[in-house]
Enquirer: 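I'd like to ask some things about the structure below.
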Amino acid sequence: MSLVRRFCAPAPSRFVSGCLAALLLTIPMSNTAAADSIQDNFDRAVELLRGGNNAEALDMLRQVLAEDPSNERAYDLWLSTEERVWVDMLVEEGEIALIAQRLMSLAEMRVETRRNDEDAIRGLLDEIYSGDSGARRRAIVTLSAQHGEYAVPYMLPALADEVDDDRRVNAMQALTVMSERVVLPLVEALDSSNAYQRRQICFTLGHIGDKRAHGMLAWVASSDPDGSVQDAARFGLEKLGGSASQDAARAAFLAAGDAYRARAESVLGPDMASAVVWSWSGGALEAREVPGWLYAEEMAANSYYRALAAGAEDAAAGIASARAAQLSAQMSRQWAELDGDDSVQAGLLEIVASGQAALNNALSRALASQDDAAAWGLCYAMGACATKPSDALKRALDARAPVSGQAALALGKIALRTGKAASAATAAELAESAGREVNKIVGLADSDATRSAALISALE
């Protein structure tokens, strides 16, 4: 079977030989490689693997990692090692494959910031599409390290190329090696109207094997109008261990939103966080910059919106919770009143648009999980829009400050708006919250700096 066919049809379980063989072409062992213990242990591991002694080879590879090889040292290993070595390690199950992936990751040049530099990206892609094997490998490492996800929009045309097989396969191989760094823009590109392009994206995501693609692959596998795209998505799901159904898609979208809210390593691990959020608009990928401290909530909201579009009943509460946490973060950082900051005002309107039932549901969940940021923001939003006190808002009076104080303020606003008296518990919490603020002012005005600092710290 040709390499092109391996990428265009479901591959056997040892798929890496198909997806990386053309990339990891033989490069002779360097005569200038340092004769150190890292190289010795790696060479010994290779010999043991070739002899079928995987357990002993794994011990040697563990020793390689234990010596904490630098990026430059791992890069030397990667460039000076025959393609068959990497292929053999990558197709092994378990820790050997993980160590191979780790070494390849370490081999990427240390670059602090990835740049959206069109000229540089296109120059590297020219080498990837038409250069010799050595130039291609170096170009992929540079592209991944220096540009990462920003390269995806420039590579999508190659995935839609039904004529130039080499160009398309080289692009897919490069994206596969770039791995976690390119998953999110590829997922968004599944909204493309080009069925052939969607098909190749599904195969690529399957080879990468990142679970952040689970929801979209499940959705595409169960709802895409093109049967060949559905088949490609099912292939990807086989690699992820997921099922091809709309129920599975909804569950995966909700789970992804919850994972972002919890800042789980499964969605925010190494090479997963970003300074931009991707979307598909006008037939192309768009990158919208977001502050790092809002990234997790922004991605959570995106996941919940996907779930909502797929018909998940709990998605509205998730959106409200994510936006409420954003609102809390924005206000605590900016110290701005709502009508003095457009982004905060927009966030409030989006929370309110979820509806009072969804807000009450979201607040109940936030209280149960002690998610104070979301609970505070939800209380704030309910104070701005609710027409009656909800059960969750009443329970929030018993939460920790400052949630309890914001709940009391919300209930007070509702009482004022509806002309109904606030409860005794609301009045008591309002008085206590006001007392905390008065004490803070007194602390700030205290001439004894030590006493003032201690009081403010306790109040915070």
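One-based numbering along the sequence shown. As a basis for the values below, the full set of heavy atoms in this structure was taken, side chains included, without hydrogen atoms, waters or symmetry mates.
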Enquirer: Decide side chain to side chain contact (heavy atoms under 4.5 Å, CB included) for R250 and D247; before the verdict, give the C-alpha distance in whole Å, the side-chain angles of both, and the deciding distance to 0.1 Å.
Expert: CA-CA 5 Å; R250 285 188 282 267; D247 285 343; 2.4 Å; yes

Enquirer: Given side chains that start at C-beta, do those of S37 and E67 come closer than 4.5 Å, heavy atoms only?
Expert: yes

Enquirer: Is there side-chain contact between I201 and L156, with heavy atoms separated by less than 4.5 Å?
Expert: yes

Enquirer: If you measure from the Lys or Arg side-chain nitrogens to the Asp or Glu carboxylate oxygens, is any gap between R323 and E298 under 4.0 Å?
Expert: yes

Enquirer: Any idea which heavy atoms bring E180 and R212 closest together, and the distance?
Expert: O-NH2, 2.9 Å

Enquirer: Do N360 and Q356 get their side chains close enough for a donor-acceptor pair, meaning under 3.5 Å?
Expert: no

Enquirer: Do L103 and F42 make a side-chain contact, defined as non-hydrogen atoms from C-beta onward lying under 4.5 Å apart?
Expert: yes

Enquirer: Do L125 and I121 touch side chain to side chain, with heavy atoms closer than 4.5 Å?
Expert: yes

Enquirer: Under 3.5 Å, side chain of Q246 to main-chain N/O of S223, donor-acceptor pair present?
Expert: no

Enquirer: Under 4.5 Å between any side-chain heavy atoms of V276 and Y150, yes or no?
Expert: yes

Enquirer: Just so I know, are the side chains of T204 and H207 near enough to count as touching, which here means a heavy-atom distance under 4.5 Å?
Expert: no

Enquirer: Which residues satisfy the ring pair (Phe, Tyr, Trp, His ring centres under 6.0 Å) test with Y154, sequence neighbours excluded?
Expert: none

Enquirer: Do the side chain of S130 and the main chain of E127 share a donor and acceptor less than 3.5 angstrom apart?
Expert: no

Enquirer: Do you know the tightest heavy-atom contact between A316 and L308?
Expert: N-CD1, 4.3 Å

Enquirer: Could you measure the distance from the CG atom of L98 to the CG atom of L61? Nearest 0.5 Å is fine.
Expert: 11.5 Å

Enquirer: Looking only at heavy atoms, what is the nearest atom pair of A158 and A171, with distance?
Expert: CB-CB, 3.7 Å

Enquirer: For a side chain to side chain donor-acceptor pair (under 3.5 Å) check, start with the C-alpha distance between D43 and Q39, then their side-chain angles and the critical distance, and finish with the verdict.
Expert: CA-CA 6 Å; D43 290 344; Q39 184 73 60; 3.0 Å; yes

Enquirer: Going through the checks in order, is the side chain to side chain contact (heavy atoms under 4.5 Å, CB included) test met by L48 and N54?
Expert: CA-CA 7 Å; L48 291 166; N54 287 21; over 6 Å; no

Enquirer: Do you see a donor-acceptor pair shorter than 3.5 Å between the side chains of R181 and S144?
Expert: yes

Enquirer: Should R198 and D226 count as an ion pair when the cut-off is N to O under 4.0 Å?
Expert: no

Enquirer: Rounded to the nearest 0.5 Å, how far apart are CZ of F203 and CD1 of I208?
Expert: 14.0 Å

Enquirer: Are side-chain N/O atoms of D371 and S369 paired as donor and acceptor at under 3.5 Å?
Expert: no

Enquirer: Distance from F253 atom CZ to M216 atom CE, nearest 0.5 Å?
Expert: 5.5 Å

Enquirer: Let me see the working for S321 and R365 under side chain to side chain contact (heavy atoms under 4.5 Å, CB included), right down to the final yes or no.
Expert: CA-CA 9 Å; S321 179; R365 293 183 179 189; over 6 Å; no

Enquirer: Any idea which heavy atoms bring L237 and S243 closest together, and the distance?
Expert: CD1-O, 3.7 Å

Enquirer: If we only count heavy atoms from C-beta on, is the D210 to L205 side-chain gap below 4.5 Å?
Expert: no

Enquirer: So which atom in E297 and which in R261 form the shortest heavy-atom distance, rounded to 0.1 Å?
Expert: OE2-NH1, 3.3 Å

Enquirer: Could you give the distance from CE (M60) to CG (L65), rounded to the nearest 0.5 Å?
Expert: 12.5 Å

Enquirer: Under a 3.5 Å distance rule, please check whether H147 uses its side chain to pair with a backbone N or O of R115 as donor and acceptor.
Expert: yes

Enquirer: Taking 4.0 angstrom as the limit, do R306 and E188 come out as a salt bridge?
Expert: yes

Enquirer: Roughly how far apart are S303 OG and I319 CD1, rounded to 0.5 Å?
Expert: 10.5 Å

Enquirer: Where do L268 and R263 come nearest, in terms of heavy atoms and distance?
Expert: CD1-CA, 3.6 Å

Enquirer: Show, in sequence, the C-alpha distance, side-chain angles and deciding distance for C202 and D224, and conclude whether the side chain to side chain contact (heavy atoms under 4.5 Å, CB included) test is met.
Expert: CA-CA 12 Å; C202 288; D224 196 278; over 6 Å; no

Enquirer: Indicate yes or no: does R50 engage E47 in a salt bridge with an N to O separation below 4.0 Å.
Expert: no

Enquirer: Give, for atom CG of D164 and atom OH of Y129, the distance between the pair rounded to the nearest 0.5 Å.
Expert: 10.0 Å

Enquirer: Does some side-chain heavy atom of I99 sit less than 4.5 Å from a side-chain heavy atom of M89?
Expert: no

Enquirer: In terms of side-chain geometry, is the basic nitrogen of R62 or E95 positioned less than 4.0 Å from the acidic oxygen of its partner?
Expert: yes

